[in-house]
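Here the structure comes first, spelled out in structure tokens, and everything after it is commentary.
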Amino acid sequence: MRQGRLQGKTVLITAAAQGMGRACALACAAEGAKVIATDIDASGLASLAQEAAAIQTELLDVRDATAVRLLAARSPALDVLFNCAGIVAHGTVLDCSEDDWDRSFDINVKSMYRMCQAFLPGMLEHAQSNGGSVSIINMASMASSIKGFVNRCAYGATKAAVIGLTKSIAADYVKQGLRCNALCPGTVDTPSLRGRIASAADPVQAEKDFIARQPVGRLATVDDITPLVIYLASDESQFVTGQALLVDGGVTI
Ligand SMILES: NC(=O)c1ccc[n+]([C@@H]2O[C@H](COP(=O)([O-])OP(=O)(O)OC[C@H]3O[C@@H](n4cnc5c(N)ncnc54)[C@H](O)[C@@H]3O)[C@@H](O)[C@H]2O)c1
């Protein structure tokens, strides 16, 4: 039988109940990993757990520092931490309330700081004891962090911050066997994107506009994203750290 590319690895994913997090949980399990899938959506997690025996689910709000620390204390040392949680706040700098700004930074950036503070020490020990490497993958975005887009002020600011956080962690721990990379997808067809389309004044035009962002002429699917996550999680990417990797359908050509 073929050995999976993540055989023997333990992978924890935030925001794993739907969208890219869910697809990556299933893809990691299919490659032999033990997956700890976390989210605030209990029913989404319950249906995910039924799809693969190797997936353990845990309710986790990434805003809750105590819950994050408690989960780290009772989890095995991770080989891979995939910080996927994030939200989109719509609007320009003038539309952006302090609440939108603070909530965006809390969920999109400070959550990663909390997760790394809680899980990174165990990951470093693990890397030292098994002579191998461990990997953190942070979900950034192409939108308004690499390329400017309208109405993505707070979102773009947070995703640019994710890239900065990623590079600083990569620099600090490169000698200790830890790699840290950021993922920058283009527009991906996920439940929350469908929600953004449905809530637009003209949903048909909104979908066309989202598609038109990508010169390849379509939205990404989650299956366009999972291969890069598997690569970054696996030992195949041992020479890759501190990068913001784009899967953007040609937006930034
Ligand atoms: N969809 C896109 O076009 C796109 C493009 C680039 C980057 N991203 C980023 O990818 C990530 C996932 O987005 P998606 O569109 O695949 O999924 P999604 O937005 O459809 O689902 C997000 C999940 O996050 C969970 N969640 C929300 N708040 C949470 C919290 N406080 N703690 C834990 N979980 C929470 C939700 O319950 C949900 O299951 C986000 O960081 C997003 O910014 C999305």
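This structure is a prediction, so every number in the text was calculated from the model and none was measured. Counting starts at 1 for both ligands and their atoms, in listed order.
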Checking contacts here: is it the side chain or the backbone of Q18 that comes within 4.0 Å of ligand 1, counting heavy atoms only? Could be both or neither.
both
Taking 4.0 angstrom as the limit and counting only heavy atoms of T187, give me the atoms of ligand 1 inside it, by number and element.
3 (O)
Under 3.5 Å, is there a donor-acceptor pair between the T66 and R114 side chains?
no
When you group the ILVMFWY residues by side-chain heavy-atom contacts below 4.5 Å and let the links chain together, are L78 and F82 in the same group?
no
Name the closest protein heavy atom to atom 16 (O) of ligand 1, giving the residue it belongs to and the distance to 0.1 Å.
M20 N, 2.8 Å
Which is closest to atom 11 (C) of ligand 1 by heavy-atom distance: G86, A42, C84?
C84
Side chains of S237 and D235: any donor to acceptor distance under 3.5 Å?
no
If the cut-off is 4.0 Å to any non-hydrogen atom of A85, which atoms of ligand 1 fall inside it?
41 (O)
Check for me, please, whether L60 and V80 land in the same ILVMFWY cluster - side-chain distances under 4.5 Å, paths through other members count.
no
among protein heavy atoms, the one nearest atom 32 (N) of ligand 1 is V62 N, 3.1 Å
Show which atoms of ligand 1 fall inside a sub-4.0 Å distance from at least one heavy-atom site of K159.
41 (O), 42 (C), 43 (O)
Are I169 and F105 connected in a single hydrophobic cluster, I mean Ile/Leu/Val/Met/Phe/Trp/Tyr linked by side-chain heavy atoms less than 4.5 Å apart?
yes
For the residue pair Q238 / E236, report whether a side-chain donor-acceptor contact shorter than 3.5 Å exists.
no
Report, in ascending order of atom number, the atoms of ligand 1 lying under 4.0 Å from any heavy atom of A17.
39 (O)
Nearest-neighbour protein heavy atom for atom 39 (O) of ligand 1, which is reported as residue plus atom name and distance:
D39 OD2, 2.7 Å
So, T166 versus N138: side-chain donor-acceptor pair below 3.5 Å or not?
yes
Under 4.0 Å from one or more heavy atoms of G19, ligand 1 contributes atoms 16 (O), 17 (O)
Please state which protein non-hydrogen atom is closest to atom 43 (O) of ligand 1 and give its distance, to 0.1 Å?
Y155 OH, 2.9 Å
Atom 6 (C) of ligand 1: the protein heavy-atom neighbour that sits closest, reported with distance to 0.1 Å:
S141 OG, 3.4 Å
Quick one: do the T187 and Q214 side chains pair a donor with an acceptor below 3.5 Å?
yes
Is M112 near ligand 1, meaning one of its heavy atoms is under 4.0 Å from it?
no
Check this for me: does any side-chain nitrogen of one of K9 and E31 sit under 4.0 Å from a carboxylate oxygen of the other?
no
Treat each ILVMFWY residue as a node, draw an edge where side-chain heavy atoms are under 4.5 Å apart, and state whether I13 and V188 are in one component.
yes
For ligand 1 and V188, I'd like to know whether there is a polar contact (N/O to N/O, distance under 3.5 Å).
yes
Where ligand 1 meets S192 - atom numbers and elements under 4.0 angstrom, heavy-atom basis
15 (O), 18 (P), 19 (O), 20 (O)
Should G186 be listed as contacting ligand 1, given a heavy-atom distance under 4.0 Å as the test?
yes
Quick one: nearest non-hydrogen protein atom to atom 28 (N) of ligand 1, plus distance?
I40 CD1, 3.6 Å
Is V247 reachable from L232 through a run of hydrophobic residues whose side-chain heavy atoms are each under 4.5 Å from the next?
yes
Just jot down the ligand 1 atoms closer than 4.0 angstrom to any heavy atom of D61, in number order.
30 (C), 31 (N), 32 (N)
Short side-chain donor-acceptor distance under 3.5 Å, N108 and S104:
no
Could you find the nearest protein heavy atom to atom 33 (C) of ligand 1 and give me its residue, atom name and distance?
L60 O, 3.3 Å
Can you tell me if H90 and R152 form a side-chain donor-acceptor pair at under 3.5 Å?
yes
Identity and separation of the nearest protein heavy atom to atom 15 (O) of ligand 1:
T190 OG1, 2.6 Å
Output the list of atoms in ligand 1 that are nearer than 4.0 Å to some heavy atom of A140, sorted by atom number.
7 (C)
